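Single-structure report; data block below.
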Amino acid sequence: MAVKIRLQRHGKKNFAFFHIVVADTRAPRDGRFIEQLGVYNPNTNPATITLNFERALAWLKVGAEPTLVCRRILSYEGVLLRHHLDGGVAKGALTPEAADKKWNDWKAQRDAKIEAKITGLKNEAIAAAKAAKAEEAKVNEARAEAIAKKAAELAAAEAAAKAEAEAEAAQEAPVEEAAEAPAEAEA
């Protein structure tokens, strides 16, 4: 029986996540499987991978063939490196201590890289939020200036109308006085 380590699709349309399973090659993609090794969710950034490391390594040692995507996932998690190092120990090319040292060095480097990516994403989100807030403040300031300018124009127009009304009233008053003066002269 040929055994593969492959992905089994779950989730809804355009938002899939996958179970990492060991299955017979003749079984359908989302059908029967022998064992579930973990979960892969590509919808998060960075992608979330939960993997039973020991069981995946055990299946590789007994000859299970990973598909291309599963090979990438196993490589990302270090299962393939551990399998390679264990093969070197079995052949006598490495001591178990040297293999463990290489494994621990690689694991520390990988964890630092993932942490740096997560930190970078958080910093980018904070910077984007600050930029959006500054842009919003700029827009609000422009709106406030426009409102103040419009209010000043209205006040100026109102003052001009008031001055015009006073000027008209002043012009009408001498005309009325002049009209009254000849009437008094006649009387």
Side-chain angles (χ1 to χ4, degrees), residues 2-25 27-142:
V3 176
K4 286 213 176 253
I5 299 174
R6 64 185 184 193
L7 298 178
Q8 191 177 57
R9 190 181 194 284
H10 291 277
K12 58 186 178 179
K13 186 176 175 182
N14 295 326
F15 201 76
F17 67 93
F18 301 90
H19 290 178
I20 303 168
V21 297
V22 177
D24 183 6
T25 55
R29 178 191 73 178
D30 298 334
R32 194 169 48 123
F33 60 90
I34 299 169
E35 182 179 357
Q36 181 177 342
L37 299 177
V39 177
Y40 167 60
N41 185 359
N43 300 312
T44 60
N45 190 7
T48 306
I49 300 171
T50 308
L51 185 68
N52 186 340
F53 189 87
E54 290 79 21
R55 291 304 301 155
L57 186 60
W59 277 106
L60 280 177
K61 286 183 178 179
V62 295
E65 284 292 319
T67 60
L68 291 175
V69 175
C70 282
R71 180 175 292 279
R72 297 280 314 256
I73 292 170
L74 295 177
S75 175
Y76 180 78
E77 289 294 314
V79 176
L80 294 180
L81 176 64
R82 190 69 212 189
H83 181 62
H84 175 72
L85 292 173
D86 288 349
V89 169
K91 291 179 183 176
L94 290 172
T95 63
E97 294 80 26
D100 289 339
K101 184 181 181 322
K102 284 186 177 185
W103 163 253
N104 291 331
D105 291 344
W106 177 85
K107 182 83 167 153
Q109 183 182 12
R110 177 187 152 256
D111 290 344
K113 193 184 297 184
I114 291 172
E115 190 61 37
K117 181 173 183 176
I118 290 171
T119 304
L121 289 171
K122 285 182 183 176
N123 290 342
E124 286 176 12
I126 290 170
K130 283 183 181 178
K133 192 170 187 177
E135 187 66 31
E136 184 178 349
K138 197 183 294 183
V139 168
N140 287 343
E141 186 178 307

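These numbers come from a predicted model, not from an experiment. Because only heavy atoms are used, hydrogens play no part in the values below, and waters and symmetry mates are left out as well, while side chains stay in.
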Next on the checklist: For H84, is the NE2 atom crowded, meaning more than 12 foreign heavy atoms sit under 6.0 Å from it?
Outcome noted: no
Decide yes or no for [X] and [Y]: does some side-chain heavy atom of the first lie under 4.5 Å from some side-chain heavy atom of the second?
X   : Y   : value
L37 : V22 : yes
I34 : W59 : yes
L51 : L74 : yes
T67 : I5  : no
S75 : L81 : no
P42 : T48 : no
V89 : T95 : no
R29 : Q8  : no

Next on the checklist: Can you list everything that forms a side-chain contact (heavy atoms from CB on, under 4.5 Å) with E65? Sequence neighbours excluded, please.
Outcome noted: K4, R71
What's the spacing between [X] [atom1] and [Y] [atom2] if we round to 0.5 Å?
X    : Y    : atom1 : atom2 : result
D100 : D86  : CG    : CG    : 8.5 Å
N140 : E135 : CG    : CD    : 10.5 Å
K61  : H83  : NZ    : NE2   : 8.0 Å
L57  : L80  : CG    : CG    : 9.5 Å
L85  : W106 : CG    : CH2   : 10.5 Å
F17  : N43  : CZ    : CG    : 9.5 Å

Next on the checklist: If you compare all heavy atoms of A2 against all heavy atoms of D24, which two are closest, and at what distance to 0.1 Å?
Outcome noted: O-OD1, 3.0 Å
Next on the checklist: Tell me the closest heavy-atom pair linking R32 and A27, and the distance in Å.
Outcome noted: O-CB, 3.4 Å
Next on the checklist: Per the salt bridge (Lys or Arg N to Asp or Glu O under 4.0 Å) rule, what does the pair list look like for residues 9-18, sequence neighbours excluded?
Outcome noted: none
Next on the checklist: Per the salt bridge (Lys or Arg N to Asp or Glu O under 4.0 Å) rule, what does the pair list look like for residues 102-131, sequence neighbours excluded?
Outcome noted: E77-R110, K101-D105
Item to check | Stepwise side chain to side chain contact (heavy atoms under 4.5 Å, CB included) check, N41 with T50 | outcome: CA-CA 9 Å; N41 185 359; T50 308; over 6 Å; no
Next on the checklist: side chain to side chain contact (heavy atoms under 4.5 Å, CB included), that's the test. Do F18 and H10 meet it? Break it down for me.
Outcome noted: CA-CA 6 Å; F18 301 90; H10 291 277; over 6 Å; no
Next on the checklist: Working note: T25 + V3, criterion side chain to side chain contact (heavy atoms under 4.5 Å, CB included); need CA distance, chi angles, decisive distance, verdict.
Outcome noted: CA-CA 6 Å; T25 55; V3 176; over 6 Å; no
Next on the checklist: Is there a ring pair (Phe, Tyr, Trp, His ring centres under 6.0 Å) between F53 and W103? Walk through the geometry before answering.
Outcome noted: CA-CA 13 Å; F53 189 87; W103 163 253; 5.3 Å; yes
